[in-house]
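Data block below; observations after.
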Number of protein chains: 2
Amino acid sequence: MSLPIKLQLLSHNNNHYHANKLIKNKTFCNKTNFLPKPIFGNNPLIITKCSNKKVNRRMQESFMIKSSLIEPDGGVLVDLVVPENQRDSKVLEAKSLPNVKLTKIDFEWVHVICEGWASPLKGFMRENEYLQSLHFNSLRLNDGSFVNMSLPIVLSIDDETKERIGSSSNVGLIGPNGDYVGILRSIEIYKHNKEERIARTWGTTAPGLPYVEEAIASSGNWLIGGDLEVLKPIKYNDGLDNYRLSPKQLREEFDRRKADAVFAFQLRNPVHNGHALLMNDTRQRLLNMGYKNPILLLHPLGGFTKVDDVPLDVRMEQHSKVLEDGVLDPETTIVAIFPSPMHYAGPTEVQWHAKARINAGANFYIVGRDPAGMSHPTEKRDLYDPDHGKKVLSMAPGLEKLNILPFRVAAYDTKVNKMAFFDPSRSQDFLFISGTKMRSYAKSGENPPDGFMCPSGWKVLVNYYESLQTEASQQPVLSS
Amino acid sequence: MSLPIKLQLLSHNNNHYHANKLIKNKTFCNKTNFLPKPIFGNNPLIITKCSNKKVNRRMQESFMIKSSLIEPDGGVLVDLVVPENQRDSKVLEAKSLPNVKLTKIDFEWVHVICEGWASPLKGFMRENEYLQSLHFNSLRLNDGSFVNMSLPIVLSIDDETKERIGSSSNVGLIGPNGDYVGILRSIEIYKHNKEERIARTWGTTAPGLPYVEEAIASSGNWLIGGDLEVLKPIKYNDGLDNYRLSPKQLREEFDRRKADAVFAFQLRNPVHNGHALLMNDTRQRLLNMGYKNPILLLHPLGGFTKVDDVPLDVRMEQHSKVLEDGVLDPETTIVAIFPSPMHYAGPTEVQWHAKARINAGANFYIVGRDPAGMSHPTEKRDLYDPDHGKKVLSMAPGLEKLNILPFRVAAYDTKVNKMAFFDPSRSQDFLFISGTKMRSYAKSGENPPDGFMCPSGWKVLVNYYESLQTEASQQPVLSS
């Protein structure tokens with residue numbers, strides 16, 4: 001597909017950083033002092049800023065180039081960060097309005113929405129959008145077409161907040177650290193039927209679903225939807241913000257690299273050599289299909305994850321080692337953080353993961369076994385059929401334009417001592433190392449078989465689990 | 001919309017009854033010896049049968065008339081009853097295959113599928129259809145368009161049956177009375193995750209959902225999908241078969257009456273004068289819109305209902321009294337039975353109720369407060385938000401071509417002693433009589449206010465509840 005899109009190389013509102021700063025401005029915490037260079041290969045993303053606004057605008061308006069990138073859902077990438085010159089007045093306005101305090105997860109959703117990952121969604125869902133998402137996993141646009149929208153992206157408030165908002169049309173949003181982060185306009189408040197939301201999103205109401213426990217169980221009885229304005233670009237100041245490229249920035253980079261195919265790999269676990277094999281193989285397959293320059297978007301999820309998942313900073317460090325080690329080619333790979341929180345909602349969530357990557361410019365999406373799945377919280381079985389994710393994804397409304405690439409199963413081939421695609425004709429030669437198994441190796445300090453993961457990446461995991469044990473041993477022991 | 005459809009006035013396969021028989025052949029049970037005449041007004045439906053098959057075929061093929069009826073989903077009305085001349089051989093074949101025993105509800109679904117209410121569905125769902133229904137409430141057709149399909153229409157089997165089927169591609173279906181009723185071909189057997197099915201269909205997994213208790217809780221761990229063939233038209237021999245008009249028969253009748261609009265009213269309760277007011281008002285609104293001959297399809301649900309609903313035969317008798325009483329005009333009204341079982345799945349189910357009526361030729365659908373809703377089985381509240389049904393219906397994929405007519409609220413106006421549209425400016429004058437209240441009147445033998453329901457219709461209900469009490473008093477009392 002070859003569509004003219006408006007490339008706004010100079011136009012990111014409030015884009016008050018330069019990309020060369022991305023390289024230079026390393027304020028990393030100890031655990032994450034790895035090089036972001038491999039993200040951009042040898043061609044660092046340059047975003048220059050021109051102070052002549054008229055020239056800027058003219059350039060923005062006239063600079064239409066032929067891009068081979070997939071069109072964002074709804075045709076235009078949503079960008080809800082207010083222009084810098086309006087910021088002060090909007091902050092004042094926000095402070096004058098009834099306010100809503102955001103949790104950490106709410107804040108992550110503000111981030112997701114304002115950068116257009118959920119395009120064409122322009123704010124937290126009103127009831128019509130919520131119902132379509134819940135029942136149809138999709139939203140109907142004015143032209144009658146559908147975009148995928150499988151997760152309800154909603155903001156809950158309690159009775160007291162609803163009372164306080166009264167008849168106000170707009171509310172100010174306060175982030176977890178107490179700063180005003182945005183305004184929600186033309187609000188609509190409607191009932192939050194948690195049971196129904198949970199049942200329809202997860203296909204179970206069993207206690208113990210991580211996102212439910214964290215974000216829904218004790219949340220308010222009302223949902224508040226409206227049009228979002230965000231006062232300034234979202235930052236976490238955790239040393240990883242440079243990896244948080246917006247869909248617009250990613251598209252710019254893909255275009256700069258003249259990508260004619262972008263294949264996204266969503267992950268929330270360390271990268272082992274089986275993943276790398278798969279990604280390299282995918283690139284080769286795309287080349288064989290006739291694409292000249294397929295670019296990999298290695299896209300770890302950066303929002304809420306469950307407590308026993310490997311934390312983001314450790315994962316980013318591990319990914320960096322894998323790239324340094326040359327397992328993946330920095331020239332054709334971009335590592336960036338996907339800011340969404342994790343639902344662990346299997347076939348429902350994998351659609352969200354894929355849809356958001358369309359908005360970031362990916363036209364190929366790699367899907368594995370049991371994507372976004374987990375064990376059933378109360379029964380001894382997988383919560384979802386491991387094949388349903390890719391089946392549902394391949395049939396989902398609004399994802400027609402995305403090419404789904406089912407994961408080929410890789411396992412440790414004991415004959416050649418490396419990860420290889422599973423060959424059922426000699427299944428006895430293969431060793432399957434699950435995420436749980438990998439974590440138990442790392443926890444016990446035991447090494448996985450040679451060739452499972454690059455040694456420097458493995459070291460990151462071992463260090464992490466060692467630090468956990470040290471922490472645990474330093475906890476005061478309470479006598480009973 | 002004006003579409004050429006193939007009218008098969010003479011062609012119903014295995015149509016071995018004549019419509020004049022519908023009128024004459026009254027084998028009604030005592031409770032239901034009411035006249036079906038009002039169904040057809042003064043123009044009884046005539047289906048003649050020509051014994052010259054060649055002539056018949058030519059007439060079928062050439063007889064294309066301009067019909068103003070809405071197109072069935074998928075373009076062609078599904079009809080899965082095998083031609084009469086193949087029946088004997090198909091029965092033999094069915095008997096030679098591994099068999100699956102159908103429950104009463106399974107049998108009702110066979111009825112629904114084979115007559116094309118679920119067009120374009122041609123059998124019990126295979127996994128791809130099941131997943132689309134569960135996640136998207138719709139099926140994608142080969143041309144990329146969607147049809148609505150909100151309820152999983154599935155057949156469950158237990159481990160033993162699955163074992164017995166082995167590698168057979170086809171199975172014979174045995175009805176609840178022991179007769180072979182059909183063949184399921186090119187079968188696919190897949191896992192029946194009951195929890196997920198229930199959660200996604202009802203938005204709750206609370207115990208006590210009537211359809212779940214009756215049809216899912218103790219059903220098998222597998223679902224079997226495939227292409228259905230039905231050996232002969234489905235009959236119940238309960239004296240009500242004449243009311244069970246197929247979508248094809250209904251379309252023929254609408255065409256015969258030269259309907260230029262068909263408005264369907266789904267119900268599973270007795271008709272009171274508020275309903276009648278609404279239906280007559282709807283007709284008037286359609287006339288005002290410029291339609292010349294709007295026909296009402298008064299379409300009570302005839303399949304499984306929960307134990308405290310009024311049974312079908314009593315309802316049909318009550319409806320007949322209402323028509324005899326002249327509250328509705330027989331000239332412009334067709335009463336027929338919709339053979340589907342009831343899920344009580346609110347916004348999910350109302351889509352099914354509407355979609356099936358498209359297939360029967362209705363282009364207008366009246367939707368009320370809390371359609372297909374009920375009380376939460378374990379909490380003191382409605383299971384669904386009473387407004388969600390009509391909202392979801394108005395946004396549902398595949399129902400774009402159907403005009404949704406939201407129910408205007410009718411209540412008993414104490415100033416004029418009749419049912420009238422509620423006027424909020426004098427709300428104190430109105431009395432709301434719920435279904436529960438109506439039943440409690442009828443149970444206690446107390447009369448509702450004059451003008452609530454025609455006296456002959458009311459009498460039917462009182463008699464029914466009296467008969468229940470008589471039955472109860474005749475039950476042996478067990479000493480504890």
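Just so we're on the same page: letters track the sequence lines, and every chain starts at 1. As the structure is a prediction and not an experimental result, all values here were calculated from the model.
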Under 4.5 Å to a heavy atom of chain B? For S394(A) that would be neither

From CZ (F136(A)) to CG (N148(B)), nearest 0.5 Å
7.0 Å

So E127(B) and D385(A), do their side chains get closer than 4.5 Å, heavy atoms only?
yes

To the closest 0.5 Å, what do you measure between OG1 (T348(A)) and CG (L134(B))?
8.5 Å

Heavy-atom distance under 4.5 Å to chain B: side chain of Y190(A), backbone, both or neither?
neither

Tell me whether the count of non-hydrogen atoms from other residues, nucleotides or ligands lying under 6.0 Å of CD in E163(B) goes above 12.
no

Between CG of N193(B) and OH of Y384(A), what distance do you get to the nearest 0.5 Å?
9.5 Å

More than 12 heavy atoms of other groups within 6.0 Å of K122(A) NZ:
no

Among R197(A), K391(A), Q132(A), H388(A), who wins on heavy-atom pairs under 4.5 Å with chain B?
H388(A)

Under a 4.5 Å cut-off applied to non-hydrogen side-chain atoms, are M395(B) and L139(A) in contact?
no

Select, from V392(B), I198(B), T205(B), the one with the greatest count of heavy-atom pairs under 4.5 Å involving chain A.
V392(B)

Can you find a pair of side-chain heavy atoms, one from T204(B) and one from E196(A), that are under 4.5 Å apart?
no

Give a yes-or-no answer on whether the side chains of H135(B) and Q351(A) include a donor-acceptor pair shorter than 3.5 Å.
no

Counting heavy-atom pairs under 4.5 angstrom with chain B, the leader among A199(A), S150(A), G144(A), A206(A) is A199(A)

Check whether more than 12 heavy atoms from other residues, nucleotides or ligands sit under 6.0 Å from atom CG of N142(B), and answer yes or no.
no

Sidechain-backbone polar pair: R140(B) side chain, A396(A) backbone, donor-acceptor under 3.5 Å:
yes

Between chain A and each of E379(B), E400(B), K191(B), count heavy-atom pairs under 4.5 Å; write down the option with the most.
E400(B)

Quick check: do P397(B) and F146(A) have side-chain heavy atoms less than 4.5 Å from each other?
yes

